[in-house]
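Written below as structure tokens is the structure these notes are about.
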Amino acid sequence: MSIQTALELVLAAVVLGLAAWAVAARETSAAVVGFIAYGLLIALVWVALGAVDVALAEAAIGGGLGGVLLLSAGARLRENEKRAAAERPGAGARLAAAALSAMVAAGLAVAVLRLPTPAPTLAPQAAANAAATGMGNPITNVLMAFRAMDTLLEKFVLLLGLVGVWSLAADRLWGGNPGPRHQADPLGLLAFLARLLAPIGVVVGIYMVWTGADHPGGAFQGGTVLAAMWLLTMMAGLTDTPPVSSLRLRLVLVAGPGVFLVVGLAGLLFGAAFLSYPAAYAKPLIVAIEVAMTLTVAATLTLLSAGAPEQRLER
Amino acid sequence: MSGAVVFGMCGVAVVGLGLYSLITNPHPLRKIIAFNLVGSGAFLIFGAVARRSATTAFSGDPTPRALVITGIVVAFSATALAVALLLRLFDAAGSATLGADAQSSTADDASGR
Amino acid sequence: MRLALDVLTIVAVSGGAFFFLAGTVGMLRFPDTLTRLHALTKADNLGVGLVVVGLLPQAAGPREAAELLGTWLLVLLSGSVVSQLVARTVFATDRLGDALARGPGPPR
Amino acid sequence: MTAFLTASLGFILVMLALGLVRILHGPRDADRMMAAQLIGSAGIASTLLLGAVNRSPATIDVAFTLGLLATFASIAFVKKGLSRLEVEDPGSAGDA
């Protein structure tokens, strides 16, 4: 066994241990902490699998936004714990569930072990057509050009998710600011950290979008970092969420899918097909879409983490 | 080559663990975590599939990886929606369990909000 | 020259690994939350720091080296702030617990 | 050199796994959060080492992102603890 394989086995064992802890922990808060640590380590697994783009996305979501979302929800649901525990299914049901899960896992394991060799791959095609977009990062090419339809629809899903979250607001709070207003000492430690970290984070986020053309990175990863920085200033009490009735906010939210859709329709009118880019303008068009998408992703993810409107609109 | 097998099996095991927790754990927030574990395991299997085709020229197939990035976004927005639903149910009913008799037994708790 | 740099890498990375060992042992063996916080900060600052110092000679260029140092600075900044905040929360909850144990009245 | 770096990476990963025991035991949420913070730092160090082993400079971006965001959970945890105190305090409970 090579030292590399030993390392991979250790990493996989630690990840599995954290997943098992997130499942088995008695208290919900303990399970949430386990799941956050799991998210951090999964980023390491993606690096070991050679997928740095995915590692960046996982580090930003699993390490940052996801943890904030689950921790604050867990704190608010604390009183719910005992009541839910009373509904724990009996030993027979648990045994049946374990058998079912084991069967599903065994089926998947057989499928993974019997994958065809040599493995089919689209990597050479992606590399051969990179010249059509002028960008060197194959994943950005797949996301923005070769399978742009997926990415467009994903942006609509994000928007629909946000509409769903907002629609949960009580009638009297509609139009107000999402989430509770965070109280914090404006001269305190958290505000100090937010003032120092947020500018660095904004630069890192923009850098990630820019470098995404040729190196690992991209609009989603950059947007997530920007969202995390916005959330940090909110948690430090320096800013508040914008009211959901704000027109400017809504413009930012539809900017990404809107620009994407307009470019796609222009491709239908002037080019070969929906979402086809004319070769001469492919890179500027993709960069324009990415900039608009970054803003949308940052705003949408922040507001998704903040939750439904909970503050009355101040007039 | 072996990295793909090791982490692919890891993903398979995570799917199994998550599925078990999704079925048996009564706490709705734990079900949301379990749902995320199942998703994460499926992404790992995708990653293993992408890694299998690694050669000296390419670190793996970019298509499944791009799909995983899309999947991470969609999983996050689904999680946020589920958490928001759960919090709203808790605020409205004073309890957020999935049992049949949960609403009637806890209506008096709602007066605090 | 190359040899000297490699020796520096080995010494510094080993030092970093030692501090992770010390931090983990402290995390497991120290008796209460605040002493464990002390162990954590050593692993945070010196563990990551020495690994960064050890990797500097292996960096491909000045840009990579700057990014390595930047990572350490980030860990230093947020680690120190967060440990302060955690310690304050521990103090605050202790005080609240004492007040609740004493009986009715304002919690402070 | 690669063998040495891989071995140190494995060592730090084992340390990280031992830190899991503290998440298991608690007893307080603060202890669990600190253990997660330690796992985060060890994860950053491991990512840097893995980048050096694989000779992929972009990996440092991942470590940088983790460094930027790894403390987020701790901050949310601290906010959660403080907001619970504020709810107990009748003076500042007006935000619900």
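Values below: all heavy atoms of this structure, side chains included; hydrogens, waters and symmetry mates excluded. Labels below follow one simple rule: chain letters A, B, ... track the order of the sequence lines, proteins then strands, and each chain is numbered from 1.
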More than 12 heavy atoms of other groups within 6.0 Å of D/F4 CZ
yes
Please classify the contact between D/L50 and chain A as side chain, backbone, both or neither, with a heavy-atom cut-off of under 4.5 Å.
side chain
Tell me, side chain or backbone of A/A25 under 4.5 Å from chain D's heavy atoms, or both, or neither?
neither
If you count heavy-atom pairs under 4.5 Å with chain D, which of A/A37, A/P216, A/A228 comes out on top?
A/A228
Non-hydrogen atoms of chain D under 4.5 Å away: do they reach the side chain of A/V204, the backbone, both or neither?
side chain
Specify the closest pair of heavy atoms between D/A36 and A/V33, including all atoms of both residues, with the distance to one decimal.
CB-CG1, 3.7 Å
For chain D, which candidate among A/G205, A/G66, A/A30 shows the most heavy-atom pairs at distances under 4.5 Å?
A/A30
Relative to chain D, which segment of A/A13 carries a heavy atom at a distance below 4.5 Å: side chain, backbone, both, or neither?
neither
Heavy-atom pair with the smallest gap, counting every atom of D/G40 and A/L40:
CA-CD1, 3.6 Å
Specify the closest pair of heavy atoms between D/S56 and A/V52, including all atoms of both residues, with the distance to one decimal.
OG-CG2, 4.5 Å
To the nearest 0.5 Å, what is the distance between CG on A/L18 and CD1 on D/I39?
5.5 Å
Inspect the surroundings of CH2 in A/W210 and state if more than 12 heavy atoms from other residues, nucleotides or ligands are less than 6.0 Å away.
no
Under 4.5 Å from any heavy atom of chain D, what part of A/L193 do you find: side chain, backbone, both or neither?
side chain
Do you know which of A/L70, A/L197, A/L190 has the most heavy-atom pairs with chain D at a distance under 4.5 angstrom?
A/L190
Side chain, backbone, both or neither: which part of A/L44 has a non-hydrogen atom closer than 4.5 Å to chain D?
both
Which atoms form the tightest heavy-atom contact between A/M235 and D/I75, and what is the distance?
CE-CG2, 3.9 Å
Could you walk me through whether D/D61 and A/Y207 satisfy the side-chain contact (heavy atoms from CB on, under 4.5 Å) test, starting with their C-alpha distance in whole Å, then the side-chain angles of each, then the deciding distance to 0.1 Å, before giving a yes or no?
CA-CA 10 Å; D/D61 285 356; A/Y207 159 79; 3.4 Å; yes
Heavy-atom distances under 4.5 Å only: say whether A/Q221 touches chain D with side chain, backbone, both or neither.
neither
Between D/T65 and A/E58, does a side-chain contact (heavy atoms from CB on, under 4.5 Å) hold up when you go through it step by step?
CA-CA 10 Å; D/T65 311; A/E58 191 62 57; over 6 Å; no
Mind checking the CZ-CD1 spacing from D/F72 to A/I36? Nearest 0.5 Å is all I need.
12.0 Å
CG of D/L16 to CG of A/L11: how many Å apart, nearest 0.5 Å?
9.0 Å
Using heavy-atom distances under 4.5 Å, tell me whether A/L232 contacts chain D through its side chain, its backbone, both, or neither.
both
Options A/L65, A/V47, A/L231, A/L41, ranked by heavy-atom pairs under 4.5 Å with chain D, top entry:
A/V47
Atom pair CZ/CG of D/F64 and A/L56 - distance to nearest 0.5 Å:
12.0 Å
Among D/T47, D/L9, D/L68, single out the residue with the greatest number of heavy-atom pairs under 4.5 Å to chain A.
D/L68
